[in-house]
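See below for the structure under consideration.
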Number of protein chains: 2
Amino acid sequence: MLAERLQKILFAVVQSYIQRPDPVGSRYVVKKYAFSFSPATVRNIMADLEEMGFLSQPHTSAGRVPTDRGYRLYVNHLLRKRRRAEERMLRLLRARLRNLQEDLEALLQGVARELSASSYLGVAAPARASRTTLNRIELFGYRGSRVAVVLISNEGLIRHRVIRLSRPVSPADLRRLSEYLNSRFGGWAIDEIRLRLVKEMSQEKAMCDMLISRALEICGKALELPEQGVFMAGMADFLGLPDFSSRIGEIARAIEDKHLVLRLLEELGTEAQEAGSAVLIGSENPVKEMRSLSIVAAPFRQEGRMAGTVGIIGPTRMDYQRAMTMVEATAQVITETLSGKES
Amino acid sequence: MLAERLQKILFAVVQSYIQRPDPVGSRYVVKKYAFSFSPATVRNIMADLEEMGFLSQPHTSAGRVPTDRGYRLYVNHLLRKRRRAEERMLRLLRARLRNLQEDLEALLQGVARELSASSYLGVAAPARASRTTLNRIELFGYRGSRVAVVLISNEGLIRHRVIRLSRPVSPADLRRLSEYLNSRFGGWAIDEIRLRLVKEMSQEKAMCDMLISRALEICGKALELPEQGVFMAGMADFLGLPDFSSRIGEIARAIEDKHLVLRLLEELGTEAQEAGSAVLIGSENPVKEMRSLSIVAAPFRQEGRMAGTVGIIGPTRMDYQRAMTMVEATAQVITETLSGKES
DNA sequence: TCTTAGCACTCTAAGGCAAAGAGTGCTAAA
DNA sequence: TTTAGCACTCTTTGCCTTAGAGTGCTAAGA
């Protein structure tokens with residue numbers, strides 16, 4: 001545990017730097033936070049903090065800037081004494097999201113937009129479709145040998161996909177197939193179903209029953225659902241941030257790969273389980289391209305299960321306080337919405 | 001018609017500037033294009049071109065830069081003597097897109113990515129769902145009073161939406177409803193169906209038959225499909241272009257509004273009908289925020305009907321030649337794919 | 001022993017200035 | 001009509017200086 005005075009100064013520097021991205025000097029903090037120390041004392045303390053690796057100097061006679069370790073200390077502190085996400089924000093969000101409850105994806109799109117009010121990047125993603133559980137699956141033949149698969153999960157996810165068969169299948173066969181799948185696999189996790197089907201396929205192949213093995217093939221294909229990736233909003237404000245002005249291309253590239261973002265969100269989401277939200281700061285990021293970004297994320301649940309993640313992506317000097325509150329409040333509202341205390 | 005010499009110089013300037021966004025001087029063009037004129041002559045010609053509004057000078061002693069009118073002349077010229085989109089590009093695209101044929105949206109996503117190889121922004125959009133024609137509609141009840149609507153259009157578009165009713169409806173009723181809609185409206189344009197339903201609703205209201213009017217209400221809601229907007233790819237390279245370095249925020253904001261982009265694409269697409277592709281250059285853009293961008297777009301068809309649009313968005317000094325070829329070739333390949341000369 | 005005032009020092013940012021370079025417009029000759 | 005030549009304009013670049021911000025160190029004060 002850091003001496004109180006050290007911590008106080010460190011947090012003052014972090015907060016100042018979050019507000020305006022200029023190196024912050026000793027005089028400045030003393031004035032701004034009305035400390036009882038003199039600038040000289042603060043300078044000594046800052047020198048100590050720098051030695052410990054929490055601050056750094058862009059050049060010898062400039063103010064100090066927090067390092068990622070500095071942010072980390074600050075964030076951990078927030079985590080510990082975090083006040084319950086303010087009621088006001090919760091109420092606001094509830095009101096704003098009320099008319100979006102229709103289906104999960106529309107909801108998440110809206111949520112991303114709400115989160116972008118942080119002036120950073122708002123993101124929201126449903127849990128991987130393959131981890132959800134089957135509520136219902138329907139197959140329709142269409143345009144010759146194509147089959148449209150529509151899957152509804154218990155989590156409110158709807159996904160569709162088109163598959164093409166070598167030969168047409170009769171509508172009656174398709175109907176029978178859907179019914180079979182529904183009655184047999186209703187409530188199963190998509191992953192399990194797929195696993196099971198693969199096993200059965202190999203058995204059937206041995207038996208060489210053409211009809212059944214064909215049916216299984218259709219089912220197997222049907223369950224390879226496209227992952228709907230991540231909803232993002234606020235790109236413009238985010239990229240317009242002064243922090244990035246020199247390396248827009250790099251930053252844009254980092255968040256353009258939705259797969260990466262999705263994976264990070266998921267990981268953070270599971271990590272946050274108990275704490276409410278989790279934060280990944282700059283160089284802590286396993287993805288090299290995102291080392292100059294921070295991510296705040298929180299999972300939302302449905303019927304106890306984790307159903308997806310929301311988050312805010314910003315520069316390392318982002319307003320963690322606010323971001324955490326927003327993200328947690330949002331997650332909570334989504335969880336409420338999904339728990340269906342609806343009309 | 002411009003004197004041949006004038007045109008030659010103008011095009012040389014345009015092409016140079018497309019390659020590198022620096023004002024181009026008289027000496028430079030003479031050297032680069034091995035003209036038989038001297039720099040002095042070129043200067044005279046350039047002065048003429050400037051007077052005519054095709055070139056401009058950033059400052060008195062700088063080289064010349066094309067104006068939007070200059071680009072327009074250049075593009076019209078390309079349009080006129082446009083060689084058939086090279087076979088090579090067509091073949092390449094066919095190969096690359098072969099395994100994406102599954103459904104329209106996956107295809108368009110891939111197409112956008114292909115187009116972003118231009119190092120500009122690749123965009124692709126299906127025609128408005130409301131303009132497509134109904135192949136099939138299905139309604140399932142789900143989680144209490146929710147109904148999932150799945151609609152398949154003849155154009156290969158699949159769209160789903162969730163609607164919530166004040167009271168649950170029995171599965172049997174829903175099934176009957178779907179069947180009714182399918183048998184009665186199969187092949188109709190979505191817009192027409194909606195129009196028709198509105199009319200009937202008002203009649204029924206007069207008759208006060210609760211059950212029927214309720215059914216009609218469901219149908220009406222069911223057909224208000226979300227528009228799937230635009231697929232984009234290549235954001236990072238696009239925003240990294242030196243042309244925008246100073247105004248990234250502005251540019252990002254301009255293309256963040258997918259509705260606007262969609263509308264522009266549609267308009268350009270219809271405009272291009274005969275010509276293969278259409279080009280909107282800088283200040284010609286009706287949308288103020290996009291006045292520093294150019295758009296090249298081409299429609300693709302299915303069974304004679306326009307089924308969507310693909311395009312490239314770039315800076316005004318974009319490589320129109322290449323963009324037009326790419327866009328046209330892409331549109332053609334999509335049209336081929338959709339016409340279903342498939343396995 | 002800890003804090004603070006004072007001061008010399010360092011480094012950047014901003015402004016001024018001159019020189020270099022690129023490109024022009026004009027004029028007069030071919 | 002074309003082009004060579006030349007004076008002129010304007011930006012870019014580098015260099016220098018100055019102002020300002022902030023530091024680290026030292027020595028005095030509590």
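By convention in this document, chain letters (A, B, ...) are assigned in the order of the sequence lines, proteins followed by strands, and residues within each chain are numbered from 1.
A donor-acceptor pair is defined here as one N or O able to donate and one able to accept, closer than 3.5 Å; no such pair exists between the side chain of B:R317 and the backbone of B:D243.
On the nucleic acid side, DNA chain D contacts chain A at distances under 4.0 Å to non-hydrogen atoms, with the end points of that region at D:dA21 to D:dG24.
For A:F238 and A:F244, the ring centers are positioned less than 6.0 Å apart.
Summarising the geometry, atom CG belonging to A:L121 is positioned 9.5 Å from atom CD1 belonging to A:I295; distances are rounded to the nearest 0.5 Å.
Here C:dG21 presents its C1' atom at 12 Å from NE2 of B:H59, a figure rounded to the nearest Å.
Using bins of under 30°, 30° to 60° and over 60° for the plane-to-plane angle, the ring pair B:Y33/B:F35 lands in the parallel bin.
Taking a 6.0 Å sphere around CZ of A:R113, one finds it holds 12 or fewer heavy atoms contributed by other residues, nucleotides or ligands.
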| said: Quick one, B:R291 with B:S283, criterion side chain to side chain donor-acceptor pair (under 3.5 Å). Give me CA distance, side-chain angles, the key distance, then yes/no. | reply: CA-CA 5 Å; B:R291 294 272 161 81; B:S283 54; over 6 Å; no
| Which is it for B:R72 and B:E284 under the salt bridge (Lys or Arg N to Asp or Glu O under 4.0 Å) test, yes or no, and what are the steps along the way? | CA-CA 9 Å; B:R72 168 52 63 196; B:E284 297 171 0; 2.6 Å; yes
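Counting only N and O atoms by type, the side chains of B:Y120 and B:S294 include no donor and acceptor under 3.5 Å apart.
Across residues 20-40 of chain B, B:S36, B:F37, B:S38, B:A40 each have a non-hydrogen atom less than 4.0 Å from an atom of DNA chain D (numbered order).
In terms of phosphate contacts, A:S61 brings no side-chain nitrogen or oxygen within less than 4.0 Å of OP1 or OP2 of C:dT12.
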